[in-house]
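Read the numbers this way: they start at 1 and go in the same order the structure lists the ligands and their atoms.
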Amino acid sequence: MNEVINLLQARSSVRKFTDQEIAQDILEELIKCGQAAATSSFIQACTVIQVEDKNKRNQLVDLTGGQPYVASAARFLVFCADMNRHKLVCEMHNSKMESGYAEQFITATVDVALFAQNVMTAAQSLGLAGVYIGGIRNNIAEVSELLELPTLVYPVFGMCLGYPAQDPETKPRLPLSVVLKTDRYQDDNDSKTISEYDKQVREYYRSRTGGTKETSWSEQISDMLVKEARPHMKTYLKDRGFILK
Ligand SMILES: Cc1cc2nc3c(=O)[nH]c(=O)nc-3n(C[C@H](O)[C@H](O)[C@H](O)COP(=O)(O)O)c2cc1C
């Protein structure tokens, strides 16, 4: 259709990178693209920590559950939802910020996601590639300590970026009728449509793994959602000053 649409529809996560560095001026240009994203009530609640220290990178490999690309990617960025600076600016005006509302948590987290995806797309437009790392929430308290995050700041996810050394096939997405509804929510045909989609996902895994994995989407999701993931998150967020009220 056009270059931007082609770029967006061709994206897939990349976990193998060449040794080529990403120059700091390029990285900063990507961050400016992140900053250009819309931001709830102009709150600008995203802070990015670029992790350059090799020792910290290696620790993050372990803290993310052993994901080696956290160390091997040219860059590893940690995207934080940050309400700390808002507390500071309230103090600049001799007012006391009321924090801990679920709404603030949502707006800050949404800001981070919009910012990060702009970074990812801009990176892709320059021939770079990457993968998000939600694994930083596996040991989120330790990650927060490692990066010296104050209260009212939490790491939402990480992002590996680098020049790609692989070109994975794009992962098939749900059929449009499942994700696009008109005028009201209706899911009457979704189970049937998802069963059809399952065959496509199974085929995708079969071809990508040489037949060693053949799970369907619904199998994958139903295995995953029968247990609680990262049960420490609620306590952690409370400790950091998020989601108290
Ligand atoms: C917030 C978020 C966290 C993710 N965390 C990880 C991760 O820790 N490790 C990983 O290898 N992939 C991670 N991914 C990548 C997803 O697994 C991937 O986007 C999904 O399987 C779809 O594949 P695709 O990106 O190639 O289309 C994450 C993606 C998102 C959006």
Side-chain angles (χ1 to χ4, degrees), residues 5-17 34 37 45-49 51 57-81 105-106 108-125 128-140 142-144 146-147 154-162 164-176 178-179 194 197-198 200-209 213-225 229-230 232-233 236-237:
I5 289 178
N6 291 342
L7 186 87
L8 290 170
Q9 294 188 358
R11 192 211 54 81
S12 56
S13 294
V14 164
R15 298 175 178 83
K16 286 199 177 106
F17 303 97
C46 179
T47 295
V48 182
I49 303 197
V51 185
R57 283 269 208 118
N58 289 332
Q59 288 185 61
L60 284 166
V61 170
D62 293 337
L63 292 172
T64 56
Q67 303 198 51
Y69 24 93
V70 168
S72 60
R75 297 285 184 153
F76 185 66
L77 307 175
V78 178
F79 287 83
C80 302
F105 171 75
I106 293 169
T109 307
V110 169
D111 259 28
V112 169
L114 299 179
F115 187 123
Q117 188 58 23
N118 265 17
V119 171
M120 184 66 97
T121 304
Q124 199 192 342
S125 77
L128 294 159
V131 62
Y132 285 94
I133 303 294
I136 61 163
R137 299 193 307 275
N138 288 359
N139 293 286
I140 195 165
E142 290 82 351
V143 170
S144 305
L146 187 71
L147 303 178
Y154 92 93
V156 183
F157 44 67
M159 184 190 287
C160 298
L161 280 181
Q166 62 177 175
D167 182 16
E169 201 185 318
T170 53
K171 224 176 199 179
R173 294 303 201 248
L174 284 163
L176 213 56
V178 178
V179 302
I194 288 170
Y197 169 66
D198 273 345
Q200 225 185 314
V201 174
R202 229 187 257 283
E203 187 45 45
Y204 161 84
Y205 280 123
R206 192 180 299 138
S207 108
R208 186 166 168 178
T209 64
K213 181 174 173 177
E214 289 191 21
T215 356
S216 71
W217 183 73
S218 61
E219 273 166 357
Q220 206 173 308
I221 297 303
S222 59
D223 281 350
M224 182 173 74
L225 297 182
R230 301 180 182 125
H232 52 270
M233 280 306 297
Y236 166 84
L237 287 170

Is Gln166 reaching over with its side chain to a backbone N or O of Arg15, donor-acceptor style, under 3.5 angstrom?
yes

Flag the pair Met233 / Ile140 as yes when at least one side-chain heavy-atom distance between them is below 4.5 Å, and no otherwise.
yes

Under the 3.5 angstrom rule, does the side chain of Arg208 hit a backbone N or O of Pro168 as a donor-acceptor pair?
no

Are the side chain of Gln124 and the backbone of Leu7 linked by a donor-acceptor contact shorter than 3.5 Å?
yes

Between Tyr236 and Tyr154 (side chain of the first, backbone of the second, donor and acceptor by atom type, cut-off under 3.5 Å), is there such a pair?
no

So which protein residues pack against ligand 1 under 4.0 Å, heavy atoms counted?
Arg11, Ser12, Ser13, Arg15, Gln67, Tyr69, Val131, Tyr132, Ile133, Gly134, Gly135, Phe157, Lys171, Arg173

Pairwise salt bridge (Lys or Arg N to Asp or Glu O under 4.0 Å) hits with a residue in residues 59-68, at least two apart
none

